[in-house]
Each structure stands twice: as structure tokens, then as C-alpha cells.
Amino acid sequence: MNFHFLFSNIGDLTVTGLSQGAIYALIALGYTLVYGLLKLINFAHSEVFMMGTFGALIAWNLVGLHENDPVPSLPMMVVYLLVGLVGAMVWSGVTALTVEFVAYRPLRRRNAPRLVFLITAIGASVAISEAVGVITGRNQYGMPDLFKTANLITIGNVHVTNVDLGVLLAAIVMMVVLDQFINRTRLGRGIRAVAQDPDTAALMGINKNRVIVLTFALGGVMAGAAALLYNLKIGVTRADIGFLLGIKAFTAAVLGGIGNLRGALLGGLALGLVENYGSALFGTSWRDVVAFVVLVVILMFRPTGLLGESLGKARA
Amino acid sequence: MLLELEDLVVAYGRIEALHGISLGIEEGEIVALIGANGAGKTTTMRAISGLRAAQQGRIRLQGRDITRMRADQRVVSGISQAPEGRGIFPGMTVEENLDLGCYTRRDTAGIAEDRDRVFDLFPRLAERRKQLGGTMSGGEQQMLTIGRALMARPKVLLLDEPSMGLAPMLIQQIFAIIAEINTQGTTILLVEQNAQQALSLAHRAYVLETGSIVRTGTGAELLADPTVQEAYLGVA
Amino acid sequence: MSEVDTTGESAMGPAGGPPEGAAGEPAMGAAGEPAKDAAGAPAADGAGTARQTRPLLEVDDVVMRFGGVTALDHVSFTVNEGEILGLIGPNGAGKTTCFNVMTGVFRPTTGQVRLNGRPLVSRSRHQITRLGIARTFQNIRLFPEMTALENVLVGTDARHRTSVPGALLRLPRHRKEERAGRAKAHELLDFMGIGSTANQLARNLPYGDQRRLEIARALATEPALLCLDEPAAGFNPAEKEELLELIRRIRDRGQTVLLIEHDMRLVMGVTDRIVVLEFGRKIADAVPAEVRSDPKVVAAYLGVPDDAA
Amino acid sequence: MSALRTADDRRLAGLSAMRSRWRAIPRPVRILFGVAVAVFFYLLPNLAIPLIPTPDTNFASVLFTVAVYVLVGVGLNVVIGLAGLLDLGYIGFFAVGAYSVAIFGSPASPLATKYPWLMLIPIAIALSMVSGVILGGPTLRLRGDYLAIVTLGFGEIVRLIAVNWSITKGQIGIPSVPAPPGHWGNGDPIFGIIDTRPFYWLALTVVLICMFGVKLLESSRVGRSWLAIREDEDAAELMGVPAFKFKLWAFAIGAGLGGLSGALFASRQGFINSNSFDVLTSMLFVAAVVLGGAGNLAGVTLGAVLISYLPERFRGFADKRFLVFGLALIVIMIFRPQGLIPSRRRAVELADRKREAAEEATANV
Amino acid sequence: AEQNGGSSASGKCDSKIAFFGARTGPNANLGINIYNGVKLAVDQYNAKHKDCKVTLESKDSQGDEKQAPGLAQQLVQDQKVVGVVGPAFSGESEAADGIFDQGGLPLISASATNPSLSQKGWKVFHRMLGNDNAQGPAAATYLKDTVKAKKVFVIDDTTAYGKGLSDVVKQSLGSAVVSTDTVQPKQTDFQATVAKVKSSKADAVFYGGYYAEAGPFVKQLRAANVKATFVSDDGVKDEGFVKGAGNAAAEGAVVTCPCIPGDEAKGTFFADYKKAFGKEPGTYGPEAFDSTNVFLDGIAAGKTSRKDMLSFIDSYDKDGVTKHIKFDKNGEIAKSEIVIWSYKVSGGEIVKDQEIKATS
Ligand SMILES: Nc1ncnc2c1ncn2[C@@H]1O[C@H](COP(=O)(O)OP(=O)(O)OP(=O)(O)O)[C@@H](O)[C@H]1O
Ligand SMILES: Nc1ncnc2c1ncn2[C@@H]1O[C@H](COP(=O)(O)OP(=O)(O)OP(=O)(O)O)[C@@H](O)[C@H]1O
Ligand SMILES: CC(C)C[C@H](N)C(=O)O
Ligand SMILES: [Mg+2]
Ligand SMILES: [Mg+2]
């Protein structure tokens with residue numbers, strides 16, 4: 001165990017851990033939203049995210065920005081960021097809705113049991129990632145550099161880069177907005193009502209299908225945002241990147257308490273940190289092991305995640 | 001007629017629960033629907049509120065055909081149901097549950113007024129504003145269900161066994177409340193096992209037996225009817 | 001937690017019952033009828049008192065808090081062997097919570113529950129069932145996709161010892177238990193008057209039959225104490241009458257019954273003694289006639305002196 | 001297996017009619033029929049039935065793979081179909097079984113204990129059962145999807161240990177995993193690589209035995225308890241079902257069968273490395289169970305057959321076969337949400353639910 | 001298993017040669033280049049032997065060890081297959097070669113470089129290039145002599161190939177290794193490893209593995225402002241690397257390879273390949289061409305059984321386009337024929353740099 005490395009780099013590890021965790025958190029939001037609403041582990045959400053990474057790339061290519069182009073000027077950079085964001089969100093959102101329409105809605109109409117949704121979710125996940133794999137020849141696609149990575153803040157030997165800071169801030173802002181939306185607005189309350197009892201929600205005058213569509217769209221858009229951040233940070237995408245990242249994000253959602261939005265943020269950040277500390281301590285190859293072991297241990301002591309489910313448990 | 005059912009047939013899978021019932025409710029009335037377990041009372045309510053589809057027949061609200069309307073749209077049209085079995089949102093607080101009752105309303109002032117009224121009627125709810133609905137006791141949940149239905153300020157209020165699980169004292173109160181909101185202008189369709197009180201309160205009533213309406217009349221008439229007495233009033 | 005256990009253990013020492021129990025005893029004497037079925041009661045620690053007052057279940061100074069809500073506030077009472085005890089009180093008084101504490105769903109904040117002198121707190125739910133408490137639920141909780149017969153068989157299994165090896169090797173004991181279980185399940189379904197529904201899925205049964213099936217399933221575990229949580233909810237007067245008969249017959253089979261119910265005609269008609277809760281506190285513990293005229297109970301619960309009319 | 005008709009009702013009616021007719025047949029005839037079916041399966045690699053054999057792959061090898069998947073399905077069905085525990089990390093047990101055989105049997109393994117094959121199988125089963133208990137002990141108290149993610153994590157942990165541990169040799173893997181013993185008259189091994197039929201027959205035999213065992217459990221107190229737990233765990237406990245104990249049994253039995261299938265897989269493959277045990281495969285296991293019809297052995301068998309056979313049958317599609325496969329999962333589930341051959345219980349349940357849904361749908365236009 | 005006939009007397013014209021390697025999957029380019037070399041040879045042969053053509057069978061392993069045994073068994077079961085060019089990667093070779101050996105099916109790999117492959121007693125194993133016991137020291141020499149690195153950070157991808165090679169490099173570098181780390185196949189996020197490299201202050205990085213991971217790794221390395229020279233191996237010698245890293249990040253990266261540049265091949269190979277595929281031969285194209293020709297020569301000589309083919313190969317002694325071909329008893333080519341080249345990324349292209357001579 002490399003304590004020396006851990007402690008001498010604790011600052012940097014924390015920074016990367018948080019920015020990594022922020023991406024997990026944004027993806028986790030999609031899982032948590034859909035899970036909270038339909039009690040469905042939307043495995044295809046990882047592909048929603050993956051599509052977003054390509055969405056941003058396509059959008060950039062459309063406006064004439066390509067992989068090996070020189071770094072653009074500041075105003076152009078802002079434009080490109082917006083273009084990429086819109087591209088990613090649109091692609092992700094459309095994918096999320098397509099999955100809902102093609103894979104879930106018909107089952108809902110038949111009142112199928114939950115396990116069946118899980119299988120179509122897996123099917124959709126495989127199909128989307130394979131379709132993209134076939135189209136892209138399973139090649140990697142590099143992203144254009146929108147800016148030079150630079151240290152914004154340096155305190156002692158802790159370096160916070162512009163990317164890290166941006167990713168973290170973006171995630172927190174989006175989180176807060178979404179949280180307020182769900183907990184404060186009428187529509188948000190509608191979402192929660194359908195989540196808890198769809199029939200009774202209808203008796204309150206809530207249109208269930210509209211709520212479901214809205215939720216998938218929200219999850220998709222968040223995944224799109226995560227995809228853009230991923231592109232900026234990792235710089236390359238491929239048809240199969242969704243799967244592992246999706247599992248991580250889902251883990252983060254569960255860690256925080258699935259169905260709980262703030263839990264998603266907390267879980268994501270915690271997972272990012274744990275992974276980075278863990279890999280510093282035990283070696284990068286043990287990183288995921290550390291992550292999953294921590295998950296198991298936390299669930300043993302807090303069986304519904306760090307913050308618990310937001311849905312109260314029915315009583316005996 | 002405010003609400004009218006015509007030859008309504010509803011089935012669960014292969015089992016037909018309602019074999020073509022017709023009934024009508026005039027504006028301002030309290031109509032009771034009584035019948036044994038499994039007679040189809042709840043099914044009738046669910047058909048009216050749109051939770052179950054009719055195989056056959058028509059439902060009309062103020063002359064408008066709503067047979068194929070979605071449940072949530074019917075709420076907007078003025079039908080509100082306090083479901084049987086306490087359909088409360090377990091993970092939401094008492095307050096949020098009440099707020100959902102007026103999901104389709106926008107008149108903030110009116111909403112606040114109604115909320116105060118509900119809290120007046122059920123002080124226990126006021127005490128427990130922040131408690132999660134799912135952790136309330138059976139009777140408390142029942143209060144919440146009724147209170148929430150009132151929050152919608154419906155044209156027609158469907159109450160499915162509102163006295164179930166309530167302590168004797170509260171049962172008296174509930175019936176008093178029903179009478180009061182009726183005088184304030186809400187039309188009510190009431191399903192009750194507590195036939196005695198329901199019939200005393202109702203202007204008119206229907207008796208449902210295994211999916212068909214077998215008798216109808218004013219509350220007083222049915223109270224005096226020997227067959228009704230024997231079957232539903234426990235008068236041996 | 002261990003603290004709770006030890007206090008529980010030591011509280012067990014002084015034989016007899018907790019002080020509150022004494023208040024209930026004269027009442028019990030007044031309801032003398034159940035004497036007939038108390039024949040075999042060994043009267044282990046109740047040597048001094050009459051045989052039929054041998055306490056089966058003791059709820060001893062139980063406190064149950066949920067955050068700021070105190071659902072049970074130092075509640076103590078006993079259920080004597082062979083009696084039908086009513087548990088009533090306004091909504092939210094803590095009746096269901098009391099069942100939940102007794103059957104291991106909740107662990108009380110403090111206090112102890114004993115069955116035949118054995119402490120129950122911190123035992124697992126299935127152990128408590130095996131020790132002899134069975135219950136029904138305020139909201140019916142059957143196994144909806146199993147047939148009526150299978151539902152009851154699950155109950156009979158509580159007394160069976162076969163596990164995986166026995167079932168896999170089809171050991172003689174397994175065969176014997178299976179045969180006996182089936183016979184008993186059919187018998188219980190008949191007893192409850194729903195023998196013809198044996199092969200129907202529980203969820204397809206009419207509401208009343210579901211309630212009856214729940215009772216059959218609970219009886220199948222061979223409980224010493226049967227706890228019924230508002231079994232008559234949603235019944236009409238005629239059905240309530242039937243239920244009353246049924247509860248009597250269950251008692252006559254030798255089972256003790258603890259009944260939560262809001263229907264006063266039923267409660268007054270069938271119970272030997274009634275415990276009244278209000279705001280989590282016991283406000284009365286007496287024979288029905290006394291409870292009915294107890295001003296505290298009238299004020300808190302009944303409203304009008306006699307509502308049955 | 002009957003031809004699949006489209007009209008749901010007709011099929012359901014047909015199915016239950018078939019079932020009752022089947023019950024009406026005298027027992028000896030039924031046994032005889034069962035034997036005939038078994039014989040058919042034993043002879044399958046020798047029969048030249050048109051269309052079924054795989055053009056791009058040796059048919060007996062595919063049949064072996066299918067048999068292993070069926071065994072996986074049988075085991076996982078205990079966990080998911082009977083006890084209702086969603087286990088997404090079943091591959092972990094499969095891996096434990098496979099590595100047990102490789103580590104203790106292969107001369108190339110760092111341990112090089114080279115135990116004989118017949119000893120390896122019990123070791124594999126025992127170790128995987130133990131790992132099932134180790135996983136289940138602390139986590140079976142978790143409900144529903146929390147258990148799902150924990151099991152998924154467990155599967156990943158097992159894989160990652162395989163990747164990183166010096167004994168399991170990660171990507172590099174362990175070659176020369178021993179096969180069952182025995183030689184033909186001419187000195188060639190019975191379980192060789194040219195003729196893979198003996199492997200298939202071995203796996204088929206194991207499958208039949210295990211299915212029989214599971215059937216016995218299902219129709220006993222144990223099966224009933226599992227069902228009750230699945231329906232309503234709290235109520236089950238309050239009715240005296242020691243839920244934890246029976247869930248642990250389900251886990252252990254499932255794990256043991258998973259380990260056994262992994263052991264067979266490794267013996268036949270001759271080489272294993274950490275790549276064979278990824279999450280996606282684990283999910284496909286679950287898909288097999290649900291696709292065919294959870295809770296019903298015939299259904300699970302069909303599901304396993306499809307999951308393992310389809311990609312092989314359509315190897316011609318090369319790059320697109322998993323795309324086709326993913327789409328197939330969606331389409332099949334949409335048209336048959338109850339699974340291809342649902343258990344009687346589920347068939348009725350689902351037919352009802354669907355009809356109700358149809359009624360509600362009209363209500364919601 | 002009984003094999004029919006032992007001689008060419010039957011004069012059968014249905015022999016098959018198989019390609020075994022990745023044609024799809026993350027590192028497909030490496031396999032495709034080899035496949036093209038094989039195909040070119042077979043096409044040329046068939047053009048010359050119109051009356052007795054050879055069929056080219058292809059098994060796409062996706063470079064995945066998991067799929068390899070199954071595919072190998074299929075080839076073994078098809079008695080018409082008399083020779084296999086491949087398996088392309090070391091990992092899949094570990095998984096599959098034992099099966100080829102049991103089936104007596106001779107193979108020549110044009111690319112698998114893990115040294116241990118020839119030490120397992122597999123009689124059917126041959127390879128057309130120097131192994132990593134030559135490449136590793138050459139890379140180390142390059143790092144020490146050309147890059148003049150004092151501190152080298154060594155990374156491997158845990159595959160048989162990447163790990164095997166990195167181990168040799170570490171050994172050769174000795175105390176110049178400051179730290180090590182591993183990455184996983186299919187990984188895209190290398191932040192943790194990048195952080196380690198950064199904090200080690202290494203002046204060079206050696207990466208043992210394939211291009212699919214090396215590309216994004218270098219990209220993230222450069223994004224973190226790490227300037228250390230990036231040196232890698234034949235598995236990274238593909239345009240896929242440059243694509244993954246981006247031109248800017250890839251610039252200046254060095255790869256070694258026990259392969260000759262396409263234009264260094266003898267004869268008309270370079271031109272033929274360009275004509276057939278419209279591009280210059282990629283990594284190991286020439287070696288694949290040579291390997292195939294060994295089998296084709298055997299078939300032409302009537303060696304249509306595996307046994308005959310095997311002894312034919314073992315006694316083969318002839319010039320190919322890359323080298324003089326003669327295998328020792330372990331299936332390795334002669335030491336004197338081994339060449340290791342270095343290549344450099346410049347302007348988005350991988351161009352030949354120099355032949356690394358002195359092996360320390
Ligand atoms: N979900 C369902 N599936 C199948 N049958 C049902 C379902 N719900 C109700 N039924 C059947 O429909 C009939 C009418 O039921 P309903 O609930 O309307 O009766 P009810 O008059 O409200 O009785 P209760 O007094 O018990 O509430 C009964 O025979 C019942 O068994
Ligand atoms: N988990 C919980 N969290 C907070 N409060 C709770 C919880 N469970 C029960 N309570 C409260 O404890 C009180 C007692 O509830 P309980 O269910 O025991 O009442 P009850 O006597 O059975 O009433 P009813 O006749 O209405 O069923 C109620 O006020 C209820 O709101
Ligand atoms: C194609 C080559 C890059 C293969 C590599 N030399 C290996 O041994 O795996
Ligand atoms: Mg009803
Ligand atoms: Mg209660």
C-alpha cells in the first residue's frame with residue numbers, strides 16, 4: 001500500500017476525484033430519475049450518455065470544428081461549448097426518448113413485470129452500443145481541443161485545472177437546478193406523485209405519460225451535459241464507453257440512495273474520491289475493486305444508501 | 001343530471017364485475033351506493049374516475065360523454081375520488097399530499113383557504129404536517145385521503161368507504177362533514193358498508209348486488225325496506 | 001440494545017405480572033366464562049391466582065418512539081390464556097404499532113414483551129411466530145400469486161423442520177410433514193368456510209374471503225395467540241355477525257385472541273376484556289361493560305355513550 | 001416444444017390444455033416419453049436435422065455451450081425465478097468454478113497442484129457455494145435493486161481479482177485446464193478437441209440431474225417458502241418463514257450450480273482468462289432466465305438455448321450479431337413479456353395483467 | 001484422430017489456409033494489415049494455380065482471448081485446413097496454440113511476439129519475426145541511447161503481450177525505471193495513471209500494449225502537460241494510435257517494431273500491395289505475406305496433410321520478402337534475421353526512424 005503516494009498527492013487526487021465524480025453524478029441523475037419514477041434500472045442510460053459524446057462531436061463537425069484543428073479563440077470557444085452542449089443534449093435526449101418509446105412504453109402498455117423492463121433495457125443498451133459500433137467501425141474518435149488545459153488555481157502542490165473546476169461547477173449547478181425543479185415546482189411534485197402511486201396520481205389530475213416523457217428527457221439532457229464534460233476531460237470516445245461508466249454511475253446512484261437526487265450528487269462525488277484514493281493506495285488496477293467494496297460496505301451499514309431513498313417505505 | 005352512467009359494463013380479465021348498470025346523480029345530491037363485499041361498488045367508482053375502462057356503456061358528466069376520457073382529464077372536468085384502501089402517497093408529507101389534491105387548481109388564495117378548512121376538520125393532520133403519509137396510522141391515512149379529495153373542490157366527489165378504519169367518534173364527524181360540504185354545493189356519490197348512516201344521510205341510494213343494481217329509492221325508503229334491512233343493516 | 005435485554009430479563013424475575021396487570025385481574029375474574037377451555041394450563045408462575053388468569057403475553061412498559069412521535073408511551077398489559085382481549089382506541093392511538101412491536105416488526109425504544117415468560121424483543125420475526133404469535137394485517141397482505149391452499153401451507157410450514165437436504169433427498173420426515181400440512185390446510189380452509197377456494201389465486205378472491213384466508217393462514221402456524229388487526233373493516237353488519245361467531249370458535253379451539261377493531265358492536269359482543277389506548281397511553285383495562293361507561297373512554301373514543309344503535 | 005403460435009390466448013389455453021392432458025396420461029407413458037425426449041437430446045449431435053446445425057461452428061461444441069448455459073439458467077432460475085432475488089453478478093460464481101478447476105488442475109497454474117479432474121469438480125462446487133454464502137451473508141438483507149447492484153459489484157470484484165491476482169494471471173490466463181479423464185481404445189482422449197460430443201453428453205447428463213433436483217426442491221416446503229418470500233417478504237417472515245435462511249440457501253444452491261457450469265466450461269475450453277467473466281455476460285445470463293420464462297425450467301432452458309445458440313447460429317452476421325441480438329431481446333420481450341414458456345403461475349398472472357392493461361389503455365386514450 | 005492419406009498422391013485441390021486474428025474489435029487495424037498480407041499471397045498463388053486453388057479461411061477473433069479457443073477448435077475440426085497464419089496477438093496465441101498443437105495443425109504467426117510462446121513445447125508453433133526478448137532490449141537501448149532518458153515510467157496493459165514486453169524492458173532498463181503502472185484493455189479514462197506519471201517526474205514513458213488504449217492515454221498525458229517522451233511498441237504502430245491521441249499529442253511519439261517498413265521489403269511486394277489495397281502495407285503486412293507463402297509453397301509441393309505440412313515447414317529454408325526464412329526447433333527464426341526498427345510520429349504520420357542495432 002502506497003501511503004506515501006496517497007498523502008503526498010492528496011490534493012491533486014481530491015481534485016481529480018471530484019471532477020470525475022461530478023461526471024458520475026450527472027449520469028447517475030438519469031438513473032435515479034427514471035428509477036425513482038418507474039422503479040426501473042434503465043441500463044440503456046449508459047448508451048444515452050455515449051450517444052451524447054458523439055452528439056457533441058457531430059455538432060462540432062457540423063459547424064466546422066474538427067479533431068486536429070488549432071485551439072479556438074476565447075469567444076469562439078464559448079460558442080463551440082454551447083454548440084457541443086446543445087448537440088450532446090439533443091442527441092442524448094432523443095436517444096432517451098427513443099428508448100422509452102421503443103423499449104419501455106409498449107411494455108408499460110402491457111403491464112409487464114419489472115424484470116422484463118430490465119431485459120429490454122439490457123437489449124436496448126446492447127443494441128445501441130452495437131449499432132454505433134458497427135457504424136463507427138468500433139474506432140475511437142478524438143475530440144477537438146477547445147482550450148488548453150491549464151492550472152487555474154495552485155495552492156502548494158495542489159493544482160486545480162480549468163477543466164476540473166468547470167466540470168465540478170457545471171455538475172453542481174445542474175444538480176441544484178434539477179433538485180429545485182423536482183422538489184419545488186408543481187411539475188416536480190407531479191413526477192414524485194407518479195413515482196409513488198401512478199393510479200392515485202391520475203386521480204389528482206396528473207398525466208402519467210407526460211410525466212414519464214418529461215423524466216426521460218430530463219435524464220437524457222443531464223446525460224448529454226455529462227457527455228460534453230466527458231469529452232472535454234477525456235478527449236476521446238468510442239461506441240463501448242457507455243457500459244462501464246454507466247455501471248459506475250449507477251453504483252454512484254445506489255451509493256447515494258437511488259431515487260434521491262442529492263444522493264446522486266453525493267454518491268457520484270464519493271465514488272470519484274474513493275476510486276482515486278483507492279487507486280493511489282492499492283494501485284490503479286484495484287481502483288474498481290475499491291469502488292465496489294466500498295459500495296458493499298456502505299450498503300451493509302446503510303441499506304438504502306448514504307442519504308436513503310427519497311421515497312418513504314410503506315409500513316407493515 | 002350532473003353525472004350519468006348508462007348500461008355500464010366493466011370486467012377484470014374474464015370476470016365481469018359490472019353487468020350493465022345505469023344510475024344518475026343530480027346536481028347537489030348525495031347518492032349512496034350500498035352492497036355486499038365484491039358487489040362492484042369500488043369498480044363503479046373506478047369506472048367513473050377513469051381508473052378502469054368500460055367495456056360497454058356510457059358515462060356522462062353534465063351531458064358530456066367522458067367514457068373515453070383519461071383519468072387525469074376527468075379530474076380537470078370536476079370529478080374527484082377519495083379512493084378505497086387509502087391511496088395516499090407514502091413518501092410525501094401530509095402537506096404535500098394535500099397539495100397534490102389541488103394539482104389542477106391555480107387559485108392560490110382558494111387553495112390556502114381550503115387547506116385551512118381541512119386542517120380544521122382534521123386537527124391530527126395539522127399536527128402532523130411534516131410526517132410522511134406512509135407512516136400515518138390507518139385511520140389517519142383515511143383522514144388524509146378525504147381531506148385531499150376535498151382540496152380539489154370537485155363538482156362531484158366520490159367517496160369510497162370513508163368511514164372504514166375510523167374510530168366511532170370520527171365516523172360521526174365524517175358523516176357530519178359530508179353533509180356540510182354537500183350543503184356547500186358539492187355533489188357526492190358515497191359508497192359505504194355503514195349502510196345505516198349512509199342511507200340516513202343520502203337523498204337517494206342504489207343497492208348493488210353482484211354487479212347489477214337491484215333496488216333504488218330515497219334513503220328513507222331503503223332504510224325502511226325489509227330486504228335491505230335484513231341484508232345490509234344487520235336487523236335480524 | 002443489550003441493556004434492553006438485561007432489564008427485560010430481570011423484570012421477568014418477580015413472578016406474576018407488572019403492577020398494571022393487577023388492575024386488570026379483578027376484571028378478569030368478572031369475565032369468568034373462558035374458564036372452560038383453560039383446563040390444561042400449567043399455571044407456571046401464576047401459582048397464587050386462578051388458573052384461567054395465567055398470563056400468556058405480557059407487554060411490559062413498552063415505549064415506541066418515531067422521531068418526535070411517541071406512538072406507545074409506557075404501555076403495559078397482559079393477555080391471559082384463553083381470553084379474547086380487545087385493543088381499542090382512537091385513530092393513531094398506537095394499536096397497530098403495538099402489534100408491530102409484539103411481532104418483531106419494530107423493536108421498541110424501551111420495554112419488553114414476553115410470551116409465556118419468554119422475552120420477545122430482539123428476536124427475529126419468524127422465531128416469534130414459532131414461539132406462538134400469529135397475526136393478520138390492517139391492509140391485507142396475502143401472497144397474491146399463490147393459491148389459497150398454498151397461502152395456508154406457508155403457515156403450516158412454520159411448524160415444519162424440513163430444509164433443503166430433506167426436500168432434495170425426499171426424506172421420510174419431509175413426506176410426513178407435507179402430508180400432514182396439506183391435511184391441516186384443508187381443514188383450516190373448511191373451518192373458515194372457504195374450502196371451495198383452495199385452488200384459486202389469493203388475489204382473485206373477494207375481499208371478505210381474503211380476510212378469512214388471512215386468518216386461516218395465521219391459524220396454520222398454530223399460534224397460542226392470534227392477533228387480528230381490524231378484521232371487520234369493510235364488512236357489512238351481516239358479515240360482522242359471522243366474524244363474531246368465527247372469533248368465538250377460534251377461541252374455543254383453545255387459541256387466545258387479541259383483537260383490534262373499531263366496530264363497537266363486534267368488540268363489545270365478543271371480547272372478555274378490553275384495553276383502551278389513547279395517544280399511546282393505556283387509559284382503561286376492564287370488562288366491556290365497564291369500558292363502555294368509562295367517561296375517559298367515552299370522551300376519547302366512543303363519543304356518544306352508546307353508538308351501536 | 002410446440003410450435004409458437006402468435007395469438008396469446010390460444011397459446012395460453014393450449015398450454016394449460018396441454019398441461020392437463022399431460023397430467024392425464026398414465027405415469028409409465030409419461031416416463032417413457034421423458035426418456036424418449038432425453039434420448040433425442042443425447043442423439044442430437046448425430047442427427048442431421050436441417051437448419052438447426054450451425055454452419056460456422058462445430059455443432060457439438062455449440063450444443064455443449066448451450067448445455068452449459070442451460071445449467072447456468074437452471075441455477076440462476078433458483079435465485080431469480082424461484083426466490084425472486086435479482087442477481088446480476090451470477091458470472092462471479094461461474095468464474096469461481098472455472099478458476100477452481102484451472103488453478104487446482106492446470107499444470108500451468110502458479111499453484112500447479114494438478115489435482116485430478118474428478119476431485120476438481122467438488123472443489124469447484126464447494127468454493128462457489130462458499131462464495132455464495134460469503135456474498136449472501138452480509139447482503140441478503142438488502143432489498144430488491146440494492147441487492148442487484150451489490151451482486152453486480154460482486155461479479156465485477158471477482159473479475160477484477162481475476163484480472164489482478166498473480167494466481168489467476170489476469171488477461172494472460174491459465175492454459176491446459178484439465179479435461180475429464182478417460183481414453184478411447186486407440187489411446188485418444190474421450191474428452192478431446194476433435195470430437196466434442198462426449199463433452200456435450202457429459203454436460204447434458206449434469207443438466208438433467210440438476211433439473212431433477214431443482215424440481216424436487218420447487219415442489220416442497222423450500223420452493224413454497226421461496227415463493228412466499230418473493231411475493232411479500234415481510235408477511236412471509238411474520239408467518240414463520242425464516243426468510244434469510246432460505247434466501248441464503250437459494251444463493252448457495254444457485255452459486256453451486258453456477259460454479260459447476262463454470263467448471264464444465266473451463267474443462268472444455270482448456271484455457272480461461274479474466275475476459276470470459278464480464279458483466280455483459282452476466283446480464284445475458286439474466287436475460288436467458290427472463291426471456292425463456294422465469295420460474296419455469298422448460299422456459300429457462302429455451303431462454304438459455306436462444307442466448308447461447310443465436311449468436312453462434314448467426315456468426316455469419318459477424319460484426320452485427322450482437323446488434324441483432326440486442327434488438328431480438330427487445331422484440332421478444334415486447335411481444336412475450338411473460339417469457340417464451342412462462343411458468344403456469346406467471347402465465348396466468350401475465351395474461352390477466354395484460355388484459356387489464358389493455359382495458360386501462362383504452363381508458364387512457 | 002485419423003487423418004486421410006499421408007502423401008500428395010491424392011492430389012486434392014481443396015486445401016485451405018486460415019487467417020486467425022482480429023478483423024473487428026478495438027485493435028482491428030493490426031489484424032487487418034496482416035489479413036491483407038495473407039490475402040495478397042493467396043490471391044497471387046491462385047492466379048498462378050487456376051486449376052488448383054487454395055481457399056482462404058478467416059477467423060475473426062477480435063483479438064479476444066475468450067473467443068480464441070472456440071475458433072481454434074473449429075479450424076482444427078476442419079481437416080482441409082492445413083496451415084494457420086496467426087494467431088495475430090500473443091494473448092490469443094496463449095489461448096489457442098495449445099489446441100492447434102493437439103490438432104497437429106501447423107501455424108506461423110506473423111506478429112505474436114511474446115517470447116514464451118516458443119517455449120511451451122508446441123510443435124506446430126512458428127513465427128516470422130523476432131520476439132520481445134529482442135524488442136524489449138532494443139526499446140531500452142533506444143530509451144537510454146537516443147532519448148537519453150534517466151527516469152522511465154513503464155506502463156503495461158496486463159495482456160500477455162504488453163506485460164511480457166514491459167517486463168523485458170524493465171529488466172533491460174534496470175535502475176532507470178522510476179515507477180510502473182498498469183492499465184486495462186478498453187479503458188478510456190487514464191487520469192489516475194497520468195497523475196502517477198506526473199508526480200514521478202519521469203522524462204520518458206514506455207508503454208507496453210496496443211494502440212486502442214495508448215491513443216487516449218497519450219492524449220490525456222499531454223493534456224496534463226506531461227512532456228516526457230512517449231516510447232511504445234509494435235502494438236501501437238498503427239494510424240489508430242494517432243487518431244486516438246490527436247496529431248498534436250501524438251507528435252514525437254516513438255514506437256519500436258520487429259517488423260520491416262513496407263518499402264524495405266524485397267521484390268515487388270510493396271507495389272503489389274499498394275495496387276491491391278490502394279494504400280501502403282501496414283504493420284506486419286510483409287511478414288504475413290511471407291508466412292502465407294511458406295504454406296503455399298507446401299501446398300504446391302503437395303503437402304496437403306497437416307503432418308506433411310508441418311515437416312515441410314520445419315525444413316523450410318528460403319528467402320522471403322522480409323528475410324531469409326528458416327525456423328529453429330522452437331519455431332523461431334534465426335537470430336541473425338531479427339531486425340528491430342524504430343518509428344516516429346511526425347505530422348500525424350508514423351514514419352520509419354532507424355533500425356535499432358546494438359542490442360545490449
Ligand atoms: N383487480 C381485480 N382483479 C380481478 N377481479 C377483481 C379485481 N378487483 C375487483 N375484482 C372483482 O370484481 C368484483 C367487484 O369488486 P369491487 O372491488 O368493485 O367490490 P366492492 O363492492 O367495492 O366490494 P368491497 O366492499 O369489498 O370493497 C369482485 O368480485 C372482485 O372480486
Ligand atoms: N414510522 C413512523 N414514523 C412516524 N410516526 C409513526 C410511524 N409509525 C406510526 N407512527 C405514528 O404512531 C401513531 C400510532 O400509529 P398506529 O398505526 O399504531 O395507530 P393505530 O392505533 O393502529 O391507529 P388506526 O386505528 O388509525 O389504525 C400514529 O400517530 C402514527 O402516525
Ligand atoms: C500485431 C502485433 C501488435 C501483436 C503483438 N506483437 C502481440 O504479440 O500481441
Ligand atoms: Mg370496495
Ligand atoms: Mg391501525
Side-chain angles (χ1 to χ4, degrees), chain D residues 54-62 64-65 98 106-108 159-160 162-166 168-177 179 184 186-189 192-197 199 265-266 268-278 280-281 311-312 315-322, chain E residues 1-3 23-25 28 57-60 62-79 89-105 114 116-117 120-122 156-164 167 182-187 209-210:
Chain D
T54 43
D56 302 301
T57 317
N58 178 276
F59 188 44
S61 318
V62 174
F64 172 83
T65 313
S106 165
R159 184 183 71 84
L160 290 164
V163 166
N164 290 312
W165 193 26
S166 59
T168 45
K169 299 217 289 184
Q171 301 279 326
I172 295 166
I174 303 177
S176 318
V177 180
W184 297 116
N186 64 0
D188 286 345
I193 52 158
I194 308 289
D195 182 0
T196 37
R197 283 173 307 173
F199 263 114
F265 166 81
R268 154 61 224 288
Q269 189 90 341
F271 166 90
I272 56 166
N273 76 349
S274 52
N275 282 357
S276 307
F277 310 105
D278 56 346
L280 189 63
T281 313
E312 289 300 329
R315 247 186 192 277
F317 280 95
D319 206 22
K320 295 186 190 68
R321 68 200 164 111
F322 277 104
Chain E
E2 63 270 56
Q3 270 164 21
R23 289 179 69 196
T24 61
E57 180 96 358
S58 160
K59 290 291 175 201
D60 175 9
Q62 304 192 310
D64 179 359
E65 296 87 345
K66 178 174 65 172
Q67 301 193 33
L71 297 172
Q73 281 181 13
Q74 292 166 33
L75 287 177
V76 165
Q77 280 154 354
D78 184 350
Q79 287 295 341
F89 297 167
S90 296
E92 55 187 358
S93 299
E94 295 253 13
D97 288 1
I99 291 165
F100 289 128
D101 195 51
Q102 279 184 57
L105 176 55
N114 187 292
S116 74
L117 293 175
K120 310 231 167 174
W122 293 325
D156 73 69
D157 68 352
T158 71
T159 62
Y161 159 64
K163 180 170 183 336
D167 286 348
T182 58
V183 302
Q184 297 294 325
K186 296 204 167 176
Q187 194 174 328
Y210 300 94

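Here is how names work: the chains are called A, B, and so on, in the same order as the sequence lines, proteins then strands, and each is numbered from 1.
Atom NZ of E/K186 is surrounded by 12 or fewer heavy atoms from other residues, nucleotides or ligands within 6.0 Å.
Residue D/S176 holds its OG atom at 7.5 Å from NZ of E/K120, rounded to the nearest 0.5 Å. Interatomic distance, CD of E/E65 versus OG of D/S274, reported as 7.5 Å (0.5 Å rounding).
Residue E/T158 comes nearest to D/I172 through the heavy atom pair O-CG1, 4.1 Å, listed as atom of the first residue, atom of the second, then distance.
Taking 4.5 Å as the limit, some side-chain heavy atom of D/T196 sits within range of a side-chain heavy atom of E/Q77. By the 4.5 Å heavy-atom criterion applied to side chains, D/N273 and E/E94 are not counted as neighbours. Put simply, the side chain of D/Q171 does not reach to within 4.5 Å of the side chain of E/K163, judged on heavy atoms.
Using modelled atom types, one side-chain atom of D/Q269 and one backbone atom of E/K66 make a donor-acceptor pair closer than 3.5 Å.
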